[in-house]
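Following: one structure in structure tokens, then a few remarks.
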Amino acid sequence: MNSSYRAIYAVVSDIPPGNVATYGQVASLAGLHGQARRVGYALSVSPDSLELPWHRVINARGAVSARTRTKLHVMQRQLLEQEGVKFFCGKVDLQRFQWAPLSCSS
DNA sequence: TTTATGGCTGTCA
DNA sequence: ATGACAGCCATAA
């Protein structure tokens, strides 16, 4: 566990319900520009006790990434739809659901 | 130390 | 629009 991981977890924990963020976006916000892959790894090993909204992190195409070993991506989609995020052909409309940390939503 | 794999992404043909 | 490629980095073997 290092500061980078904490930064990643901190960013993820700030994503509000009904919104999503991309791995690259989280990486940048955590001060790890270009290290999107590291974000995915960090989340994959994050302890459940942190209760992070990991399901709100998807890939740059607006779709949930398929896991190689698990089926969590299935539950991930359910959790998102449960929060109001709508899928169209397996993808999310990032224009509308992507988290905008500093935006004026009015 | 080298290789392979993993919840990615931007660029280029 | 779509697919191939090359960077990015942590871990495990």
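The basis for the numbers below is simple: all heavy atoms, side chains too, and nothing from hydrogens, waters or symmetry mates. Just so it is clear: chains get the letters A, B, ... in the order the sequence lines come, proteins before strands, and each one is counted from 1.
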Can you identify which nucleotide, out of [options], has its nearest atom closest to the [X] side chain?
| X | options | result |
| --- | --- | --- |
| A:W54 | C:dT11, B:dC8, B:dG7 | B:dG7 |
| A:R38 | B:dG6, C:dA10, B:dT9 | C:dA10 |
| A:L43 | B:dT9, C:dA10, B:dG7 | B:dG7 |

Once you round it to whole Å, what is the distance between [atom2] of [N] and [atom1] of [X]?
| X | N | atom1 | atom2 | answer |
| --- | --- | --- | --- | --- |
| A:I58 | B:dG7 | CD1 | C1' | 12 Å |
| A:Q35 | C:dT11 | CD | P | 12 Å |
| A:Y41 | B:dT9 | OH | P | 18 Å |
| A:Q76 | B:dG7 | CD | P | 11 Å |
| A:H33 | B:dG10 | NE2 | P | 8 Å |
| A:R61 | B:dG7 | CZ | P | 15 Å |
| A:L52 | B:dG7 | CG | P | 16 Å |
| A:R37 | C:dC5 | CZ | P | 15 Å |

For A:V39, report the nucleic acid contact type (base, sugar-phosphate, nothing); a contact means any heavy atom under 4.0 Å.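 The residue A:V39 makes no contact with any strand.
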Going from [atom1] on [X] to [atom2] on [Y], what distance comes out if it is rounded to the nearest 0.5 angstrom?
| X | Y | atom1 | atom2 | value |
| --- | --- | --- | --- | --- |
| A:L43 | A:Y9 | CG | OH | 6.5 Å |
| A:W99 | A:I15 | CH2 | CD1 | 5.5 Å |
| A:Y41 | A:Q35 | OH | CD | 15.0 Å |

Are side-chain N/O atoms of A:H55 and A:E83 paired as donor and acceptor at under 3.5 Å? yes
Between A:Q76 and A:R56: side-chain donor-acceptor atoms closer than 3.5 Å: no
If you assign each of A:T22 and A:T68 to its closest nucleotide in DNA chain B, which residue comes earlier from the 5' end? A:T68
C:dC8 pairs with which nucleotide, Watson-Crick or G-U wobble, both distances below 3.5 Å? none
Could you identify the nucleotide paired to B:dG7, looking across every strand shown and requiring Watson-Crick or G-U wobble geometry with both distances under 3.5 Å?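 The answer is none; no pair meets the criterion.
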Phosphate oxygens OP1/OP2 of B:dC8: is one of them under 4.0 Å from a side-chain N or O of A:S65?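 Affirmative; the distance criterion is met.
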Expressed as a whole number of Å, how far does the P atom of B:dG7 sit from that of C:dG7? 23 Å
When you measure only distances, ignoring hydrogens and angles, does the side chain of A:Y23 come within 3.5 Å of the base of B:dG7 through a donor and an acceptor?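 Side chain to base: pair present.
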